[in-house]
Amino acid sequence: MSVQSEAGRQATAAPTASSAPIDAPAIELRGISKAFGPVQANKDISITVKKGTVHGIIGENGAGKSTLMSILYGFYKADAGTIHIKGQEVQIADSQAAISAGIGMVFQHFKLVENFTVLENVILGAEDGGLLKPSLAKARTLLKQLSDEYQLSVDPDALIEDLSVGHQQRVEILKALYRQADILILDEPTGVLTPAEADHLFRILEGLKEQGKTIILITHKLREIMEITDTVSVMRRGEMTATVQTADTTPEDLAELMVGRKVLLHVEKKPATPGAQILEIENLRVVDEQGVERVKGIDLHVRAGEILGICGVAGNGQTELLEVLGGYQTGTGTIRLNGQEIDLTGKNSDGQSRRARGISHVPEDRHDEGLILNFQAWENMVFGYHHAPEYQKNRFLMDNAAIKAMTQESMTKFDVRPPNPKLEAKSFSGGNQQKIVLAREIERNPDLLLIGQPTRGVDIGAIEFIHQQIVHLRDAGKAILLVSVELDEILSLSDRIAVMFDGKIMGERLPSETNEGELGLMMAGIAEEKSREAGQ
Amino acid sequence: MTKMPKWADAVLIPLISIFLAFLLSGLVIMAIGKDPVVAIKTMVQGAFGSSNGIGYTLYYTTNFIFTGLSVAVAYHARLFNIGSEGQAALGGLGVALVCLYVPWPHWAIALPAAMIGGALFGAAWAFIPAYLQAKRGSHIVITTIMFNFIGSALIGYILLNYLKVPGSMSTESTRFGAGAHLPTFHEMLAPLGIEFNKNAPVNVSFLIALLAAVGFYFLIWRTRLGYEIRAYGQSETAAKYAGINPVRIVVIAMLISGALSGLMAINNVMGEAERLIDNAVEGAGFIGIAVALMGRNHPIGIVLAALLFGFLYQGGGELSFWESIPRELVVVIQALVIMFTGALDNMVRAPLEKLFIALNKKKEA
């Protein structure tokens, strides 16, 4: 145990000994500031969270939410400001100190050992002595108690790798509770959950709240804030712009506070006028490198002037579907574009051939696929289309001047900020990176646009713009295949919705005739007929 | 978010690193009871003090430019080619065969032919590891380093059994004909009235190396192939998304890399030895890794880094000759330079970055 954590323990031992006021807030941050080099990540932030409440912190990517929580959990040291827990000032030097101060954290990416059991993960780092057996026995009884109390049932002897994502998250919560956390911080907890799992999580959080625990929920989803929090703080560019009672506010107000201007939360679009069949997929199967069948015989079609939305929990074959269509995964079955079959294997099945056939692709993962982060914007703006004759100066050299000029134009048109073609892709914000990819793919005027997770990690202001661009392309008579794990997005953008589960299409719905409840059940693999009943 | 001006990144950091390396080298020299000031004077004098010294320094520089460019091409495709040593050795064989078996009338015709021979043999030697990497996933670091040993053994075998002068004790081929003699700086500069030492081995290959550096720039940053090589090097998944064929890029990048290493042979085999001798590469392939690393895989950086290592080679040789400082210590100095410029880059970078941020803040205030 380090010296620092000892200091933390002493600091937190103090409040129980002294006569702290009973109604002291669970956490109080006063004037927290933190700069990374020239970037001011947190600027004079003060929050007060009452005991036994759920407090939401909402803000766009890069607004400083994660930095603030990292300071609270001892990963960073604040440049200025103080932290008070139950009325007493504490120094949080590292995560051990945070744990002894009663703070538990559930990260967006779980910190679990995959091939350990639940029990082993729970006691990891909190063992009582050199021998594991007494700790395991003690944890087993405590875990049973906690499970009964908070609907947190998990099999203590199951291996983590065998658990669903939702259950893994419960283990993280149990870990925090086992360490006697009074204050639980959850960072984007619903990002990986199905709607049903998210609902269950919220019920667990309600239970914890009733038992007097304090919960801080970091999210960018307005719906969650409205559903579960008592108070909400909004962050923008490192500053706390407002703290309000959730009951007194609306999603529209919160969005405006986050972005700093009025935003349209709903996509405005006219009814679709579908034309000719552009894409037809018959009995498509995909087996990945590990020999696992990811897509198990699906049939789909997309017409011109129509957006087909595919929803599903991540990892149910949507990625592979996009990869096959984009030309970098092999498959079997039949795919026709404009009535003509396209190759699924062989040398005419690569990305170049797909682009030549009029398929553009905004990939799900713009950092690893859509962009080369160390390339400048102009180099990224021709990525995948670098063979096009208009970008060649002669047989040997590329026409860099022409590419830069084209990039400048596209950047202005798609409102990429800053509009500097010579800036490296990694220097742009998530939203502006996505606009670069979108500009590249839409400007080629494709017959079919594949678009995966169009607004993942994109700020609200840019979401609005990106959605408008997709709808414009549809209105120009193009076919669009949209894959997203955000149900809201699927419901508001799509003209038709197909639900994918375990590599199969569970069914198709019209957005006007379905709801989140029904789609959620279908995403969880509950049979189509059943979900129909449940939805009604 | 301005951190550091570009010039500081490209010029200041290497200079400080080299300075630190020499400072530490000075301490080592003091530790064995020699005077570091005299040592550095001897090195500079030996490398740049006479046209003979300059001639040797530039001769080594030529070798290092070729191998540095070779390593850098592969590195742009994120392939770590440790096999320049073997590829250059095989290039030597290619050059020797071209020069031995054709009675060349004039060097101007012999040189292009020798270049083709060297490049072909070097590329062929790089092709096998490249193919194994691209198709079978055998790690290129392992295969290329193995191929250095195989190459060395192969050259030894061929020399001993086919090319050796009958009756001679030394493992070397016969001398190339007069038509394959490359003009040295002495011969090239004499018509201009400039006196250059007759014995210095630097020759017309130095200019070819500089041309190769220019060609490297155009290939990597101006052509579609260079664009694809860099894209693949940055992200294989992105390259696949864009329809860039990974097998093709790996093979082509390694072929170019091997060809550049093979080209080195026009300097050491054709230009200097004028015959094929055993172990003609003398570690230049490995120095190429350091040169590429220090030169940030950019041709200008590579030429400058090659010059620095040329200086270390030639000056170091003088040091052991005149100052009875053991040759091994010269290797220690080279190692210190590599360590400071390559491995300890961040040690200099971090404080320098802080300094520039502080300076910027002051300016704003």
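Here is the naming used below: chain letters follow the sequence lines, and residue numbers restart at 1 for every chain. Computed over heavy atoms, backbone and side chain alike; hydrogens, waters and symmetry mates excluded.
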Quiz item: CD of A/E323 to NZ of B/K240: how many Å apart, nearest 0.5 Å?
Solution: 9.0 Å
Quiz prompt | Under 4.5 Å from any heavy atom of chain B - which part of A/H387 | solution = both
Quiz prompt | Rounded distance (nearest 0.5 Å) linking atom CZ of B/R224 with atom CZ of A/R395 | solution = 10.0 Å
Practice problem: Give the minimum heavy-atom separation between B/G243 and A/Q352, together with the two atoms involved. | Solution: O-CG, 3.3 Å
Practice problem: Against chain B, label A/Q392 side chain, backbone, both or neither, depending on which of its atoms sit under 4.5 Å from a heavy atom there. | Solution: side chain
Quiz item: What's the spacing between B/L225 CG and A/F396 CZ if we round to 0.5 Å?
Solution: 12.0 Å
Self-check item: Residue part contacting chain B, namely of A/I372, when any heavy atom lies under 4.5 Å
Solution: side chain
Quiz prompt | Residue A/E390 excluded, over 12 heavy atoms near CD under 6.0 Å | solution = yes
Quiz item: A/F383 vs B/Y241 aromatic rings, parallel, tilted or perpendicular, using cut-offs 30° and 60°?
Solution: tilted
Practice problem: Return yes when atom CE of B/M339 has more than 12 non-hydrogen atoms of other residues, nucleotides or ligands closer than 6.0 Å, and no otherwise. | Solution: yes
Quiz prompt | Minimum-distance pair of heavy atoms, taken over all atoms of A/N400 and B/W221 | solution = ND2-O, 3.6 Å
Quiz item: Any chance CG of B/L207 has more than 12 other-residue heavy atoms, nucleotides or ligands included, within less than 6.0 Å?
Solution: yes
Quiz item: Is atom CZ of A/F75 surrounded by more than 12 heavy atoms (other residues, nucleotides or ligands) closer than 6.0 Å?
Solution: yes
Exercise. Let me know if A/R366 has heavy atoms under 4.5 Å from chain B in its side chain, its backbone, both or neither.
Key: neither
Quiz item: Is chain B contacted by the side chain of A/L373, its backbone, both, or neither, given a heavy-atom distance below 4.5 Å?
Solution: neither
Quiz item: Got more than 12 heavy atoms from elsewhere within 6.0 Å of OH, A/Y385?
Solution: yes
Quiz item: Tell me, side chain or backbone of B/E236 under 4.5 Å from chain A's heavy atoms, or both, or neither?
Solution: neither
Quiz item: Could you name the residues of residues 353-361 of chain A that have a heavy atom within less than 4.5 Å of a heavy atom in chain B?
Solution: A/R355, A/H361
Quiz prompt | Any A/F375 side-chain heavy atom under 4.5 Å of B/R230 side chain | solution = yes
Quiz item: Looking at side-chain heavy atoms only, is the closest gap between B/I244 and A/H386 below 4.5 Å?
Solution: yes
Quiz item: Is B/S235 reaching over with its side chain to a backbone N or O of A/D368, donor-acceptor style, under 3.5 angstrom?
Solution: yes
Practice problem: Look at atom OH of A/Y391 and say whether more than 12 heavy atoms of other residues, nucleotides or ligands are closer to it than 6.0 Å. | Solution: yes
